[in-house]
Amino acid sequence: RGEPVPLVLGRHRMAPPLAAPSYSEIVGDDHYIRALFCLGYGPLNISDLRIGDTPLSEFEDVTYELREGRVGDAPVSLYPRQVLEETLGVELVRPLPRDSAGEVIDGDAISTPVTRVTATDSASACVILSFSGGLFKVRDSGDVTTAKVEVRIRQRQAGGVWDTVKTLNVSAATRTGFYRQHKWSLPSRGRWEIEVTRMTDETTSTQTSDRVVFAVLQSVRPEYPINMSKPLALIAMRVRASYQLNGRLDNVNAVVQRETKDWTGSAWTPALSRNPASAYLAALQGPSSPFPVPDSAIDFDALAEWHDFCAAKGLRYDAVHETAQSLGDMLAAIAQAGRASPRHDGVTWSIVIDRPQTLAVDHLSARNTSGFTWQRSFTDPPDGFRVRFSDETNDWEPAERIIPWLGHTGDVGLTEELALPGKTHPDEIWREARRRMYEVTHRAETYTLTQDGATRVATRGDLVMGAFDVLDRSLHAARVRAVEGRVIALDMPVALDSATEYGLRYRVFEDDDDAVGTSVVVGLRPVAGETGLLSLRGQTQMPDPGALVQIGPLGQEALAMRVAEVMPLADCAK
């Protein structure tokens, strides 16, 4: 149907989309529904089948087939061909002539055929009639006797001559609703007009019930409904539609778990895994990728190390990717669940784990860097986070958990929504949300610097020691009157000593809605005497006119830092 095939990673309860349209089947007086569901790319472990919240075992007359999506799976036999069903619900009538007052007058009944068109390339067709009120006559004595209705079916190609297919003679003496169907092969494959006409005149007796409805037109193609080069996990189902089912089969669900490569401690072997490292590998090499990554382009040692880290921390990833999504976004969501981020060095896919480190790979200071700037985010935290998730401890029902902010006491009023994709256990939701709070609290500073490619050692995720500039004390406070290039004009002169290295502190804002901004310390070019013009070093964002600035002597502070990102400069080729 043009929808993306779901990709199951980890373990989850999902309601699979229809892989082919469900359709009706009439056997005697019973109405059955057939449907074919796609649970995604295989192989998958499928368990706990339900219709709504009711286990499948509680329903009567249910037949189903499971295909886990393995190479060599046999086609499903419960849905062997394409059936395109058009639900109509059009009552067939043949009214008697009436005068302006609505009274029956002499004359022939009025023929009112109903015409519909089959789907393109149809090989056969099926007309289903519904007698929802039964079909019967009631004698004066109160006995129920047989009533009869004739229905004519004709066919033609567009603009052709009508050809009679069948005249159905339906008779019954029942007050219970029932169905009748007629199937036939079309003279040739194509798009055919189907005409259905009631041939029995309207009855004026209140003791007769013979209402008939053209309920469904089905167009049938003999081809198998699935045409995919990759194995799919499927559920084919046939259920009797009665009091137990409302004529529709659109809320089937099951617990599914992906079989993928999993690290055993010595090798990667197929297993049912919920580890983010296994999900990461499935996204790179699994059937959902149009360009699977070869083993030679994956750092399996790093992924094995990450697998052990996730197992030790109890980190899992359980999600169903059902919408179109880029590989980068998918990998980022999986890595986030394992406290990591994707890494690609241009040749190999790897991972950067966010965890404590002891080895500082580089020392950064003014001697081997330039343009060193420091920004601090000032946040006003909410009372807590609000996280929505599918609760695996409560039958995967939608749930929401409120996690109070660090140190917050009392009622939680103001909350912010936090997305934790792939998390389904309330305890893990709590733990990861609290960790985010610690990140916001203790990772408020961002340091930016420029380093020549020949001297750069550290890469993203590495631990480095940095010596950065701070204001030892504030000597002057002023406002910016104007900005020209890297020079700012103050609204008052300041006295500076040429023998002292000075810095300027101010706030910068991301957008108009940013009410707090970040604090930046930038070094000043040497100047002596009293001046109202200051020249800034580095390439940081300049203060806005009217901004409040502080000027004072620069000092240095050493701090352990994590490399968050490495970007080439625009003029790096020079």
Side-chain angles (χ1 to χ4, degrees), residues 15-16 18-37 49-65 76-93 114 116 118-119 122 124-136 144 146-153 165-166 168-184 194 196 198 200 209-221 225 235-253:
L18 288 169
S22 61
Y23 68 91
S24 302
E25 180 184 36
I26 309 302
V27 180
D29 292 339
D30 291 326
H31 178 203
Y32 289 83
I33 300 293
R34 290 190 187 232
L36 181 62
F37 300 94
L49 272 171
R50 300 183 184 183
I51 299 178
D53 294 326
T54 306
L56 213 57
S57 58
E58 299 296 323
F59 290 85
E60 298 177 357
D61 295 332
V62 178
T63 306
Y64 67 92
E65 295 175 323
V76 294
S77 60
L78 288 176
Y79 204 123
R81 61 188 64 85
Q82 301 175 30
V83 180
L84 290 83
E85 182 172 285
E86 182 183 2
T87 302
L88 302 173
V90 180
E91 183 176 0
L92 300 178
V93 297
V114 176
R116 292 294 185 269
T118 67
S122 298
S124 58
C126 175
V127 168
I128 298 179
L129 305 176
S130 170
F131 296 82
S132 57
L135 180 61
F136 62 92
V144 175
T146 300
K148 299 180 180 179
V149 174
E150 285 190 0
V151 177
R152 184 186 68 193
I153 302 174
V165 176
K166 179 84 172 180
L168 303 177
N169 294 287
V170 184
S171 61
T174 176
R175 296 175 182 267
T176 303
F178 63 93
Y179 294 88
R180 286 293 182 267
Q181 71 176 2
H182 179 67
K183 303 177 182 178
W184 75 99
I194 307 297
V196 180
R198 177 184 172 120
T200 303
S209 175
D210 61 356
R211 182 174 182 267
V212 56
V213 173
F214 183 7
V216 171
L217 173 64
Q218 293 176 346
S219 305
V220 182
R221 300 170 184 149
I235 302 175
M237 192 172 292
R238 180 178 183 267
V239 184
R240 182 159 63 91
S242 59
Y243 63 89
Q244 66 179 354
L245 195 65
N246 235 350
R248 299 190 66 179
L249 195 59
D250 57 359
N251 56 350
V252 173
N253 60 88

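Note that the structure is predicted; figures quoted are calculated from it, not measured. Note that these values count all heavy atoms, side chains included, but never hydrogens, waters or copies made by symmetry.
Distance check, rounded to the nearest 0.5 Å: CZ of Arg116 to CD of Glu86 gives 6.5 Å. For the atom pair CZ of Arg152 and NZ of Lys166, the computed distance is 14.5 Å after rounding to the nearest 0.5 Å. Taken to the nearest 0.5 Å, the CD atom of Gln218 stands 12.5 Å off from the OG1 atom of Thr118. Taken to the nearest 0.5 Å, the CZ atom of Phe178 stands 12.5 Å off from the CG atom of Asp30. Atoms CD1 and NZ, on Ile26 and Lys183 in that order, are 9.0 Å from each other to the nearest 0.5 Å. Taking OH of Tyr64 as the reference point, atom CG of Leu36 lies at 15.5 Å (rounded to 0.5 Å).
The two residues Cys126 and Gln181 come nearest to each other via the heavy atoms SG-OE1, 3.6 Å. In this structure, Gly133 and Ser209 approach most closely via the heavy-atom pair O-OG, 3.4 Å. Phe131 and Arg211 make their closest contact through CD2-O, 3.6 Å (heavy atoms, listed as atom of the first residue, atom of the second, distance). Across all non-hydrogen atoms, the minimal contact from Thr174 to Phe136 is O-CD2, 3.2 Å. Taking every heavy atom of both residues into account, Trp184 and Ser124 meet most closely at O-CB, 3.1 Å. Considering all non-hydrogen atoms of both residues, Pro225 and Ala20 come closest at CB-CB, 4.0 Å.
Remark: side-chain polar atoms of Arg198 are paired, donor with acceptor, to backbone N or O of Thr200 under 3.5 angstrom. Looking only at distances, a side-chain donor or acceptor of Glu85 sits under 3.5 Å from a matching main-chain atom of Ser24. Proximity of a side-chain donor or acceptor of Asn253 to a complementary backbone N or O of Leu49 within less than 3.5 Å is not detected. Without hydrogens or angle criteria, Arg34 side chain to Leu78 main chain gives a donor-acceptor distance under 3.5 Å. Without hydrogens or angle criteria, Ser132 side chain to Gly177 main chain gives no donor-acceptor distance under 3.5 Å.
At least one side-chain heavy atom of Ser77 sits under 4.5 Å from a side-chain heavy atom of Glu65. Taking 4.5 Å as the limit, some side-chain heavy atom of Leu88 sits within range of a side-chain heavy atom of Leu217. Annotation: side chain of Val27 is in contact with side chain of Arg238 (closest heavy-atom distance under 4.5 Å).
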*Between Val151 and Val170, is a side chain to side chain contact (heavy atoms under 4.5 Å, CB included) present by the stated rule, with each step listed?*
CA-CA 8 Å; Val151 177; Val170 184; 5.7 Å; no

_For a side chain to side chain contact (heavy atoms under 4.5 Å, CB included) check, start with the C-alpha distance between Leu168 and His182, then their side-chain angles and the critical distance, and finish with the verdict._
CA-CA 8 Å; Leu168 303 177; His182 179 67; 4.2 Å; yes

_For a side chain to side chain contact (heavy atoms under 4.5 Å, CB included) check, start with the C-alpha distance between Leu92 and Val149, then their side-chain angles and the critical distance, and finish with the verdict._
CA-CA 11 Å; Leu92 300 178; Val149 174; over 6 Å; no

*Working for side chain to side chain contact (heavy atoms under 4.5 Å, CB included), residues Leu84 and Arg221*: CA-CA 8 Å; Leu84 290 83; Arg221 300 170 184 149; 3.8 Å; yes

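For the side chain to side chain contact (heavy atoms under 4.5 Å, CB included) with Val239, the qualifying choice from Val62, Leu56, Asp61 is Val62, the only one to do so.
Using the six-membered ring where Trp is involved, Tyr79 and Tyr23 have ring planes that are perpendicular, over 60° apart on the 30 and 60° scheme.
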